[in-house]
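Notes follow once the structure below has been shown.
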Amino acid sequence: MKYVATKVLKRLETNKLRGGFKDPQRTLLVPISFGVSSIVLLHVLNQQLSARAEAGRHSGYNLHILFVDESAVLKHAFLPDLLDMLKQRYPSHTYTVVSLEDYCDYDFDFDLPAFADARTNGHGVLDKITRFKRILSSLPSATSRADMIEILRRRLIIAFAQKHACDSILFGDSTTRLAEKTLSETAKGRGISLPWLIADGSPSHGINCTYPLRDLLRKELGAYVSMTLPPLTPLVCEAPSQTPTSSKETTIDGLMTQYFESVEQNYPSIVANVVRTSGKLLAPSILEDIDACTLCGCPIANMSWGGDQLDSAVPRLADGSGSEHGKAICYGCARTV
Amino acid sequence: MPPTPCALCNASRALIIRPKNHQKLCKACFISLFETEIHNTITANSLFSPGERVAIGASGGKDSTVLASVLKTLNERYNYGLKLMLLSIDEGIKGYRDDSLQTVKRNAVQYEMPLEIVGYDELYGWTMDQVVSQIGKKGNCTYCGVFRRQALDRGAARLGIKHVVTGHNADDVAETVMMNLLRGDLPRLARATSIVTASAASEIKRSKPLKYAYEKEIVLYAHHKGLDYFTTECIYSPEAFRGSARTLIKSLERVRPSAILDVVRSGEDMARLVPAEVSGGHRGGKDVIVNEGEAEGDGGCGSANGRASGGEMADMEKQLLENDGARDNETEITVNGHKHDPNCNKSNRMPKKLRKQQMGKCARCGYLSSQDICKACMLLEGLNKNRPKTQIQVSVEEEDSSPTLTRRMEGLTVIPGHQT
């Protein structure tokens with residue numbers, strides 16, 4: 001019990017997010033998915049805040065809880081009861097729900113020319129959900145769709161944080177999740193953006209992202225959830241990890257989840273080792289004058305590459321109007337679209 | 001339903017679905033495309049210079065056989081002006097290497113290339129069969145891998161050749177990337193993906209012209225060209241890590257065929273993200289990393305077919321746990337002791353992590369090494385310590401079998417003063 005809390009808070013400390021006495025009050029954005037990890041993160045932070053309040057001390061930070069509603073793309077619907085339960089249990093924080101398709105309301109450049117025809121159906125502008133679903137169905141595979149949703153969620157959270165002037169985002173990813181991410185992004189050809197995706201305090205998109213649960217395995221969090229008083233279990237709602245019946249539905253992310261489930265079982269230290277290793281990768285210096293990818297927002301480091309067997313340099317998507325300056329996307333995203 | 005025409009020439013009937021991108025091709029187009037892609041790889045990376053003498057590391061397996069065949073074809077077609085020869089290593093594994101060496105010998109005749117065979121027994125005084133009988137089936141791949149790297153270099157040196165090409169394919173490279181991520185081996189991650197690896201002192205450079213070629217396409221090429229190759233895998237136990245990584249890569253390929261190349265690409269990109277202190281060498285131009293010449297990582301014979309024994313992973317798990325334990329203790333004490341200096345323990349640990357590799361020569365055999373004594377000599381020392389008994393027996397019983405004895409003596413002169 002104490003172990004989990006200490007690990008989390010120590011991470012916050014090293015990233016100077018705890019908020020000292022003299023520091024101004026910070027706002028930390030905590031995106032939650034009602035998965036084990038994000039609920040534990042919220043619980044631990046809430047504990048710290050209430051302990052400080054009891055002691056009459058300066059709290060140091062506020063929490064803004066963000067839930068991204070993905071019912072547009074998931075089979076099971078979002079449960080409003082769950083959110084109410086959460087609000088009852090942790091009443092002192094701000095709560096917001098946004099839908100995945102709301103990305104249109106944030107001004108990040110996302111609409112690729114390739115998706116242009118998803119915007120209208122010949123009669124007029126489509127509503128957000130239809131447009132979003134059309135984009136997804138235009139993608140070639142289940143892996144691509146899962147990848148796109150992942151990218152969108154992340155960008156939506158970051159855009160939200162910026163809009164609401166949050167100082168930092170605390171993601172609930174566990175060691176296991178980060179290791180999964182490392183290998184699946186590698187498999188998707190996005191090795192170059194790993195430092196942006198999984199390192200603490202990464203400067204991506206001009207906002208600090210931190211992963212306070214990076215030292216905790218998923219199974220440890222699972223145990224924690226049932227040990228708190230009262231248990232957090234009713235608050236957790238996770239889609240059961242089922243093996244897709246057809247290989248068409250299998251995604252790279254899903255494959256990695258399965259893989260690490262078994263690795264975590266037998267070799268937990270190896271999971272942690274993957275995360276430590278990828279954490280040592282250095283982000284290329286900004287001096288290199290890198291463009292950001294239109295899709296995932298990560299830097300593009302495209303160079304002529306032997307594996308393509310072509311003389312293609314930067315893969316650029318032709319602009320809808322046929323002008324020369326298309327929008328640059330990175331290698332990984334070029335694979336997805 | 002009419003037969004599907006080839007996507008490239010539109011004339012012949014498509015017989016092959018390319019594993020890489022599911023393009024439907026006829027036999028002739030597939031073969032020429034496969035060759036052209038390797039030609040592109042060679043020219044784009046300027047792998048060869050005219051008149052260069054190149055040794056092909058030949059095992060008799062599909063990769064090296066295809067490599068030899070393609071290089072011969074391309075050398076004639078595009079006038080590379082290369083002098084090609086085959087270099088084989090005889091690990092001394094009965095029922096495996098002796099048979100595959102027969103294949104190599106046939107290949108040498110078929111491709112009209114000179115063949116040189118270097119044996120572990122003549123270099124080290126040990127065959128792999130003997131090593132295995134001493135240390136068991138676990139962990140012997142380390143010996144084999146370390147010995148093979150040196151043996152290739154020594155064989156090339158004997159031939160007076162400065163460039164060895166090996167048959168590593170895209171699957172192997174992707175596997176190595178994943179494996180090094182799992183093992184947390186940043187230095188190897190940094191260099192395993194580079195197509196050319198040159199070592200500062202031994203002057204023998206290595207390259208992998210098949211780096212972007214899919215294993216499945218290599219098999220298809222070998223099949224459609226009717227190449228003579230050997231399919232049995234090494235009979236000794238594989239590395240668990242490679243086995244695990246291999247299974248993963250194969251599953252990824254099923255989900256998205258491009259994934260293998262994507263992993264290779266990620267690996268190349270990540271190599272540039274590895275801090276220079278760790279990568280243990282300065283970059284010598286595009287995609288060339290000057291290093292110790294251990295590009296393939298430990299073992300790396302690539303025969304682990306998912307029959308992972310798990311021993312190696314379990315060992316590492318144990319070791320990591322111990323490290324963790326030690327670190328946790330250390331941190332606790334440090335935190336308690338110096339509460340106001342949170343960076344303290346960090347700075348204590350940094351130098352250890354980022355130790356730079358210093359290259360020098362092995363004090364015993366003169367081979368390039370980052371330690372005083374190279375890895376092969378270290379392993380040999382361990383082996384020889386337990387040997388005296390057998391050696392006496394050999395010298396008493398087979399007094400007249402002088403070749404064996406001389407070989408033993410050679411083995412001893414290579415490593416003087418091994419019984420310290």
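Labels below follow one simple rule: chain letters A, B, ... track the order of the sequence lines, proteins then strands, and each chain is numbered from 1.
- In terms of non-hydrogen atom pairs under 4.5 Å with chain B, the most contact-rich of A:Val274, A:Thr186, A:Leu194 is A:Thr186.
- Among B:Leu248, B:Ile249, B:Asp185, the residue with the largest count of heavy-atom pairs under 4.5 Å with chain A is B:Leu248.
- B:Lys24 pairs by the salt bridge (charged side-chain N to carboxylate O under 4.0 Å, His left out) definition with nothing, not counting sequence neighbours.
- A salt bridge does not link A:Glu261 to A:Lys219: none of the charged nitrogens lies less than 4.0 Å from a carboxylate oxygen.
- For chain B, no part of A:Ser184 is nearby; none of its heavy atoms comes within less than 4.5 Å.
- Heavy atoms of A:Pro268 lying under 4.5 Å from chain B belong to its backbone as well as its side chain.
- Both the backbone and the side chain of B:Met270 come within contact range of chain A, with heavy atoms under 4.5 Å apart.
- Salt bridge present: B:Arg18 and B:Glu37 bring a charged side-chain N and a carboxylate O closer than 4.0 Å.
- A:Leu255 touches chain B through its side chain: at least one heavy atom from C-beta onward sits under 4.5 Å away, while N, CA, C and O do not.
- The greatest number of non-hydrogen atom pairs below 4.5 Å with chain A, out of B:Ala259, B:Gly267, B:Gly184, B:Ala170, is found for B:Gly184.
- Ranked by heavy-atom pairs shorter than 4.5 Å toward chain B, the options A:Pro140, A:Gly254, A:Gly189 are led by A:Gly189.
- At a threshold of 4.0 Å, the pair A:Arg177-A:Glu264 does not count as salt-bridged, since none of the basic side-chain nitrogens sits closer than that to a carboxylate oxygen.
- Between B:Arg265 and B:Glu268 there is no salt bridge, since no side-chain N of the basic residue sits under 4.0 Å from a carboxylate O of the acidic one.
- In this structure, the side-chain hydrogen bond (donor to acceptor under 3.5 Å, both in side chains) partners of A:Asp147, at least two apart in sequence or on a different chain, are A:Lys188, A:Arg190, A:Thr336.
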